[in-house]
**Q** 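Below is the structure I would like to discuss, written out as structure tokens.
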Amino acid sequence: MRTVISLGGSVLFGERSAETIEGHASAVERLVDSGHEVAVVVGGGSIAREFIEVGRDLGADEVRLDEIGIDITRVNARLMIEAIGELAHPWPATTYAEAGQALRHGDLPVLGGVAPAQTTDAVSAATAEYVRADLLVYATSVDGVYSGDPHEDATATRFEEIDIDELLEVIASIHMSAGSKSPVDLLAAKIIQRAKLPTIVMDGSDPVAIEQAVRSGAHDGTTVRIEGAPRPPAWDTDG
Ligand code: UTP
């Protein structure tokens with residue numbers, strides 16, 4: 001089974017410790033060792049935000065700031081590649097085609113950003129679409145999709161499952177409130193919808209939980225339901 005795992009920058013690089021990166025790399029390696037095909041997309045985290053802020057103070061335009069963000073995600077990808085070792089394609093894939101080619105050659109591609117005006121949420125969904133992944137997992141700093149912003153709204157509840165159309169509505173409503181951030185951005189959700197990608201949004205801090213979600217579909221986050229999407233094959237055989 002082929003899975004794209006999106007590792008949020010704050011999950012992986014929040015502490016900037018080799019141990020955290022090793023832990024996530026080991027989970028990915030175990031999946032590959034047991035026959036799974038995996039592509040990993042890593043985010044920029046607070047380091048990207050800090051660099052972007054300095055660039056903004058220097059007067060850089062938004063596209064250039066995005067390019068700075070992309071560079072940082074690729075540096076993060078290099079650390080992940082070091083942690084994964086020989087199973088990984090040896091440098092960050094910079095296009096979806098390069099990621100697809102690495103998979104065809106039996107390597108595990110690691111990507112950061114790909115192009116300005118998006119985030120690695122969209123990169124993850126587009127990679128999953130490109131390589132025809134059976135599953136897309138967002139391992140993030142939030143533990144799923146909520147009916148509102150849990151930091152702002154005490155009555156917001158977490159969905160165990162959500163239809164893609166409803167997810168799009170939730171994201172649109174979160175975008176309306178300043179400062180709030182949705183667990184998956186709008187472009188990513190649109191790609192998930194058109195590609196009919198089975199998707200999980202979950203807390204990414206525990207690598208074993210991510211591994212379990214890929215193997216069996218068991219997790220404490222949110223499953224995005226899409227009519228007509230096939231069930232990931234390992235969920236009936238692995239675990
Ligand atoms: P992230 O994907 O980490 O952004 O990429 P984010 O969603 O803002 O970060 P989190 O989830 O809160 O940690 C970092 C930055 O890199 C640029 C964007 O500026 C983004 O904010 N980027 C990333 C791109 O322009 N294109 C890409 O394909 C990826």
Side-chain angles (χ1 to χ4, degrees), residues 4-18 20-21 24-25 39-84 88-102 109-130 136 138-142 149 151-152 167-168 170-192 194 201 204-205:
V4 173
I5 301 177
S6 179
L7 293 171
S10 44
V11 166
L12 211 47
F13 304 103
E15 297 166 13
R16 274 172 232 172
S17 82
T20 307
I21 304 170
H24 283 77
V40 172
V41 180
V42 301
S46 58
I47 317 172
R49 277 192 293 278
E50 283 164 27
F51 272 74
I52 286 170
E53 274 318 306
V54 174
R56 188 168 281 127
D57 291 345
L58 291 169
D61 63 52
E62 291 300 316
V63 173
R64 284 167 202 254
L65 294 174
D66 283 342
E67 285 171 340
I68 290 171
I70 292 168
D71 284 346
I72 301 293
T73 61
R74 287 181 180 161
V75 172
N76 286 345
R78 285 197 183 271
L79 291 178
M80 193 63 191
I81 288 166
E82 286 311 312
I84 292 171
H89 185 62
W91 59 85
T94 57
T95 64
Y96 304 118
E98 199 182 336
Q101 192 181 36
V110 182
L111 299 90
V114 164
Q118 59 178 29
T119 71
T120 51
D121 285 357
V123 173
S124 307
T127 303
E129 181 174 31
Y130 189 90
L136 169 61
Y138 285 101
T140 75
S141 54
V142 290
D149 182 344
H151 301 297
E152 302 285 321
L167 175 64
L168 284 162
V170 168
I171 293 171
S173 71
I174 289 176
H175 273 264
M176 299 294 280
S177 63
S180 299
K181 213 177 157 293
S182 59
V184 178
D185 66 31
L186 189 59
L187 179 57
K190 284 283 189 188
I191 297 169
I192 290 166
R194 77 173 183 193
V201 181
S205 55

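As a basis for the values below, the full set of heavy atoms in this structure was taken, side chains included, without hydrogen atoms, waters or symmetry mates.
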**Q** Given side chains that start at C-beta, do those of His89 and Glu98 come closer than 4.5 Å, heavy atoms only?
**A** yes
**Q** Would you please name every residue forming a salt bridge (Lys or Arg N to Asp or Glu O under 4.0 Å) with Glu53, sequence neighbours left out?
**A** Arg56
**Q** In Å and rounded to the nearest 0.5 Å, what is the OG1 to CD distance from Thr20 to Glu15?
**A**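 Answer for the OG1-CD pair, Thr20 versus Glu15, is 4.0 Å.
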**Q** What is the minimum heavy-atom distance between Pro183 and Thr140, and which atoms define it?
**A**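 Closest pair (atom of Pro183, atom of Thr140, distance): O-CG2, 4.2 Å.
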**Q** Is there side-chain contact between Phe13 and Ile21, with heavy atoms separated by less than 4.5 Å?
**A**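 Of all side-chain heavy-atom pairs linking Ile21 with Phe13, at least one is under 4.5 Å.
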**Q** With heavy-atom distances below 4.5 Å as the criterion, would you say the side chains of Leu7 and Tyr138 are in contact?
**A**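 A side-chain contact under 4.5 Å is absent here.
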**Q** Run the salt bridge (Lys or Arg N to Asp or Glu O under 4.0 Å) test against Arg78 and tell me which residues pass, sequence neighbours left out.
**A** none
**Q** Which pairs of donor and acceptor atoms, one on a side chain in residues 122-129, lie under 3.5 Å apart (sequence neighbours left out)?
**A**
{"residue": "Ser124", "atom": "OG", "partner": "Ser6", "partner atom": "OG", "Å": "2.9"}
{"residue": "Ser124", "atom": "OG", "partner": "Thr120", "partner atom": "O", "Å": "2.7"}
{"residue": "Thr127", "atom": "OG1", "partner": "Val123", "partner atom": "O", "Å": "2.7"}
{"residue": "Glu129", "atom": "OE1", "partner": "Arg194", "partner atom": "NE", "Å": "3.0"}
{"residue": "Glu129", "atom": "OE1", "partner": "Arg194", "partner atom": "NH2", "Å": "2.7"}
{"residue": "Glu129", "atom": "OE2", "partner": "Arg194", "partner atom": "NE", "Å": "3.2"}

**Q** Tell me the closest heavy-atom pair linking Val41 and Gly112, and the distance in Å.
**A** CG1-O, 4.1 Å
**Q** Considering only heavy atoms from C-beta outward, does the side chain of Ile72 approach that of Glu50 to under 4.5 Å?
**A** no
**Q** Any side-chain to backbone donor/acceptor pair from Asn76 onto Gly43? Under 3.5 Å, distance only.
**A** yes
**Q** Is any side-chain heavy atom of Ser182 less than 4.5 Å from a side-chain heavy atom of Val170?
**A** no
**Q** Which value, rounded to the nearest 0.5 Å, describes the distance between Arg64 atom CZ and Ile70 atom CD1?
**A** 13.5 Å
**Q** Looking only at heavy atoms, what is the nearest atom pair of Leu168 and Ala189, with distance?
**A**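 So the minimum-distance heavy-atom pair works out to CD2-CB, 3.6 Å.
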**Q** Once salt bridge (Lys or Arg N to Asp or Glu O under 4.0 Å) is applied, do any residues pair with Glu82, and if so which ones, sequence neighbours excluded?
**A** none
**Q** Quick one: does any side-chain atom of His24 pair with a main-chain N or O of Gly204 as donor and acceptor, under 3.5 Å?
**A** yes
**Q** Any heavy-atom pair between the side chains of Val110 and Pro92 that's under 4.5 Å?
**A**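 In short, these two side chains do not touch, never coming nearer than 4.5 Å.
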**Q** Please name all residues satisfying side-chain contact (heavy atoms from CB on, under 4.5 Å) with Ser10, sequence neighbours left out, ordered by chain then number.
**A** Ser141
**Q** Would the distance check show the side chain of Asp121 and the main-chain N or O of Ala188 forming a donor-acceptor pair, the cut-off being under 3.5 Å?
**A** no
**Q** To the nearest 0.5 Å, what is the distance between CE on Met80 and CD1 on Ile5?
**A**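 The CD1 atom of Ile5 is 8.0 Å from CE of Met80, to the nearest 0.5 Å.
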**Q** I need the minimum non-hydrogen distance between Thr73 and Val42, along with the two atoms involved.
**A** O-CG2, 3.6 Å
**Q** What heavy-atom pair brings Glu67 and Pro116 nearest, and what distance separates the two atoms?
**A** CG-CG, 4.1 Å
**Q** If the condition is side-chain contact (heavy atoms from CB on, under 4.5 Å), which residues does Ala97 pass it with, not counting sequence neighbours?
**A** Thr95, Tyr130
**Q** Mind listing the closest non-hydrogen atom pair of Val201 and Val184 along with its distance?
**A** CG2-CG2, 3.6 Å
**Q** Got Ile52 and Arg49 here, is their nearest side-chain heavy-atom distance under 4.5 Å?
**A**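 No - every pair of side-chain heavy atoms lies 4.5 Å or more apart.
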